[in-house]
> 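Just passing along the structure, written as structure tokens.
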Amino acid sequence: MLEVKKKVTITIIYDNNPCDNRLRTAWGFSCLIEKGEEKVLFDTGGDTATLIENMGILKKEPESIDLIVLSHPHADHTGGLSAILRQNKGVKLYLGASFPESFKVWAKEEGADVIEVYKAEEIYKDFYTTGELGRGIKEQSLVMKTERGLIVITGCAHPGIVSILQEVRREFNEKIYLVLGGFHLGEVDVSKDLRRLGVERVAPCHCTGNKAIAFLEREYGNDFIRNGVGRVI
Ligand SMILES: [Zn+2]
Ligand SMILES: [Zn+2]
């Protein structure tokens, strides 16, 4: 039987870059990935008020989320979590094993079904984690398999965006269609490295850095996606 893959929609619900004027910007990152009925929240932004207000305007319901993936423990990615947990008891929460013990205990008390991530694995149909990468600040990225290739979503990319993508190529052995999220580059130009890795499209936001974004825009042209809060991809 022919399997028709469902369309993937990614909505940026929290970011420090503006896009949809109805939404509030604040330092941090969160996006909602919808694939048919499946809803995955990646990171939760820096505060509950902005996250909930933006979700309300976008008509996204905290209680409809199936699972949450937290890239790393920094407050600009975990600050909105309590608002989701309040309205969604028992939600699956994938976080790196290196998260502070106190955070894990707190999340369990708030009703989350905490699952600790060590290495690359499938966490949901066609959704994968890279596992925790990096030697300093450990971080996991989210990988989705789609008809067009892999979609990779990063939080801050502290292990290095190029290292993360090299690891994704090695682990999944498929072409990378899109990379989206914070790349944490400042003024570093990685556009040629991303080309070399076969990345087809880029949608940098959050902590990427204006200079680095400009380099990517110049290299990628029509395959560069201007990213910010409210962007739907
Ligand atoms: Zn960070
Ligand atoms: Zn960040």
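All ligand and atom numbering here is 1-based and tracks the order in the structure. Every heavy atom of this structure was used, including side-chain atoms; hydrogens, water molecules and symmetry mates were not.
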> Identify, with sequence neighbours excluded, every residue that meets side-chain hydrogen bond (donor to acceptor under 3.5 Å, both in side chains) alongside E200.
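With neighbours one apart ignored, the set is K175.
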> By residue and atom, what protein N/O/S atoms are less than 2.8 Å from the Zn ion (ligand 2)?
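Listed by chain and number, the atoms are D76 OD2, H77 NE2, C156 SG, H206 NE2.
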> Can you sort out the partners of K192 under side-chain hydrogen bond (donor to acceptor under 3.5 Å, both in side chains), two or more places apart, ordered by chain and number?
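For K192, the residues satisfying side-chain hydrogen bond (donor to acceptor under 3.5 Å, both in side chains) (neighbours in sequence not counted) are E219.
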> I'd like to know if V179 and L133 are part of one continuous hydrophobic network [Ile/Leu/Val/Met/Phe/Trp/Tyr, side-chain heavy atoms within less than 4.5 Å].
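Yes, because L133 and V179 connect within a single hydrophobic cluster, where side-chain heavy atoms sit under 4.5 Å apart.
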> Would you mind listing every side chain to side chain donor-acceptor pair (under 3.5 Å) that reaches into residues 92-102, with sequence neighbours excluded?
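Every pair satisfying side chain to side chain donor-acceptor pair (under 3.5 Å) with a residue in residues 92-102: S98-E132, E101-K104.
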> Can E174 and K145 be counted as an ion pair, charged N to O under 4.0 angstrom?
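Yes, charged N to carboxylate O under 4.0 Å.
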> Could you check whether atom CD of E63 has more than 12 heavy atoms from other residues, nucleotides or ligands sitting under 6.0 Å from it?
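Yes, the 6.0 Å shell around CD holds more than 12 heavy atoms from other groups.
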